[in-house]
Amino acid sequence: MRNLTFLIILIFYGMTSKAQDLQQYQWENRIIVVYSNETELDLVSKQLKLLTKEPKELSERKLILIQAQKNQYKTIFPENSEWVSSSLKDELKISTKTKFEVFLLGLDGGIKLRQQEIVQTEKLFSLIDGMPMRKAEIRRKDQ
């Protein structure tokens, strides 16, 4: 009986931790997710290189950069992490036909940008800087 209880707890913990892949960042960070299947790694590499060229801009906007594939993800910025098993593809409702997609999630966890081509940093930073919570951050910083 004890083993069964332990097994149920383990299964439940595994399910809830996967369901909270992005929720751990809510209200603390904005998130950029760069998703690809294994065939579009060149696009991923270009997108990640473009974004990581501007670490100061990413930090200033409280951005976490995540690379995702099928059932796993890893953090690229602010620190590299190992691949982690994940249900991120389901959370973001990514189609099985999707080859490459970039997401921006706001502090509230909502999807603010979703596109299937490389996102230029100017567009990304402009979108973020136009958000009400970001404007408030800027005002507080200027005081």
Side-chain angles (χ1 to χ4, degrees), residues 3 5-143:
N3 288 341
T5 304
F6 181 70
L7 181 61
I8 291 170
I9 290 170
L10 265 176
I11 291 170
F12 178 74
Y13 175 76
M15 289 170 57
T16 57
S17 67
K18 284 184 178 182
Q20 296 178 354
D21 285 336
L22 300 178
Q23 290 178 356
Q24 65 182 317
Y25 302 113
Q26 193 169 0
W27 303 115
E28 297 294 323
N29 296 97
R30 295 173 182 91
I31 305 168
I32 301 169
V33 177
V34 180
Y35 171 84
S36 76
N37 62 18
E38 286 82 24
T39 65
E40 297 299 329
L41 295 179
D42 188 45
L43 282 174
V44 170
S45 178
K46 287 178 183 175
Q47 181 69 78
L48 295 177
K49 189 178 288 187
L50 186 67
L51 291 167
T52 56
K53 276 185 185 179
E54 304 196 48
K56 181 179 178 256
E57 304 296 331
L58 295 175
S59 291
E60 190 175 295
R61 290 169 178 83
K62 300 180 181 180
L63 282 164
I64 302 264
L65 178 56
I66 293 174
Q67 179 182 353
Q69 296 175 343
K70 287 188 182 178
N71 299 319
Q72 61 183 358
Y73 78 93
K74 67 179 177 176
T75 304
I76 303 297
F77 180 88
E79 297 176 4
N80 272 321
S81 73
E82 297 295 320
W83 287 101
V84 177
S85 178
S86 164
S87 61
L88 203 55
K89 186 175 178 184
D90 295 332
E91 282 184 58
L92 295 173
K93 297 177 176 54
I94 300 172
S95 165
T96 55
K97 296 176 184 176
T98 300
K99 294 181 180 181
F100 175 82
E101 197 157 14
V102 180
F103 297 82
L104 169 64
L105 286 77
L107 291 174
D108 63 358
I111 296 174
K112 309 303 180 187
L113 173 74
R114 181 178 190 156
Q115 73 179 49
Q116 294 185 349
E117 57 192 37
I118 290 178
V119 177
Q120 298 301 314
T121 53
E122 298 82 21
K123 176 181 179 177
L124 184 68
F125 296 154
S126 175
L127 177 64
I128 293 169
D129 291 346
M131 294 176 179
M133 292 181 83
R134 173 68 180 144
K135 287 180 180 179
E137 291 169 4
I138 293 169
R139 278 193 304 274
R140 281 193 302 271
K141 184 179 173 187
D142 290 342
Q143 291 178 352

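Leu105 places a side-chain heavy atom less than 4.5 Å from the side chain of Leu92. The shortest distance between side-chain heavy atoms of Tyr73 and Leu22 does not fall below 4.5 Å. In this structure, the side chains of Phe103 and Ile94 come closer than 4.5 Å at one or more pairs of heavy atoms. Side-chain contact between Ile64 and Pro78: present, with at least one pair of heavy atoms (C-beta onward) separated by less than 4.5 Å. Counting heavy atoms from C-beta on, the side chains of Lys93 and Ile111 never come closer than 4.5 Å. Considering only heavy atoms from C-beta on, Thr96 stays 4.5 Å or farther from Asn37 through its side chain. Taking the side chain as every heavy atom from C-beta outward, Leu58 and Phe125 approach each other to under 4.5 Å. The shortest side-chain heavy-atom distance between Thr98 and Tyr35 falls under the 4.5 Å cut-off.
Between Arg114 atom CZ and Glu101 atom CD the span is 4.0 Å, to the nearest 0.5 Å. Note that CG of Leu51 is 9.5 Å distant from CD of Gln120, once rounded to the nearest 0.5 Å. Atom CG of residue Leu124 and atom CD1 of residue Ile128 lie 4.0 Å apart, to the nearest 0.5 angstrom. With rounding to the nearest 0.5 Å, the separation of OG in Ser95 from NZ in Lys89 is 7.0 Å. Between Thr52 atom OG1 and Gln47 atom CD the span is 10.0 Å, to the nearest 0.5 Å. Summarising the geometry, atom CD belonging to Gln72 is positioned 8.0 Å from atom OG belonging to Ser85; distances are rounded to the nearest 0.5 Å.
Taking Arg30 as the reference, Glu137 meet the side-chain hydrogen bond (donor to acceptor under 3.5 Å, both in side chains) condition, with sequence neighbours excluded.
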Would Glu57 and Thr121 count as a side chain to side chain contact (heavy atoms under 4.5 Å, CB included) here? Give the steps. CA-CA 9 Å; Glu57 304 296 331; Thr121 53; over 6 Å; no
- prompt: Do Gln67 and Trp83 pass the side chain to side chain contact (heavy atoms under 4.5 Å, CB included) test, and can you show the C-alpha distance, the side-chain angles, and the key distance before you say yes or no?
  reply: CA-CA 9 Å; Gln67 179 182 353; Trp83 287 101; 3.9 Å; yes
Exercise. Should Gln69 and Val44 be marked as a side chain to side chain contact (heavy atoms under 4.5 Å, CB included) after you check the CA-CA gap, both sets of side-chain angles, and the distance that decides it?
Worked result: CA-CA 10 Å; Gln69 296 175 343; Val44 170; over 6 Å; no
Using side chain to side chain contact (heavy atoms under 4.5 Å, CB included), reason through Phe100 and Asp42 one step at a time and then give a plain yes or no.
CA-CA 10 Å; Phe100 175 82; Asp42 188 45; over 6 Å; no
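Across Ile118, Ile66, Leu48, a single residue satisfies side chain to side chain contact (heavy atoms under 4.5 Å, CB included) together with Val34, and that is Leu48.
Counting all heavy atoms, side chain and backbone alike, Phe77 lies closest to Ser59 at CZ-OG, 3.4 Å. Shown here for Asp129 and Lys135, the closest heavy-atom pair between the two residues is O-CG, 3.5 Å.
Of the possible polar contacts, one joining the Gln26 side chain to the Asp108 backbone as a donor-acceptor pair under 3.5 Å is found. A donor-acceptor pair under 3.5 Å is absent between the side-chain atoms of Asn29 and the main chain of Ile31, judged by distance alone. In terms of modelled atom types and a separation under 3.5 Å, the side chain of Thr75 and the main chain of Ser81 share no donor-acceptor contact.
A salt bridge is defined here as a Lys NZ or Arg NE, NH1 or NH2 lying under 4.0 Å from an Asp or Glu carboxylate O, and Glu60 with Arg134 meets this definition. One finds no salt bridge joining Lys62 and Glu28 here, because no Lys/Arg side-chain nitrogen approaches an Asp/Glu carboxylate oxygen to under 4.0 Å.
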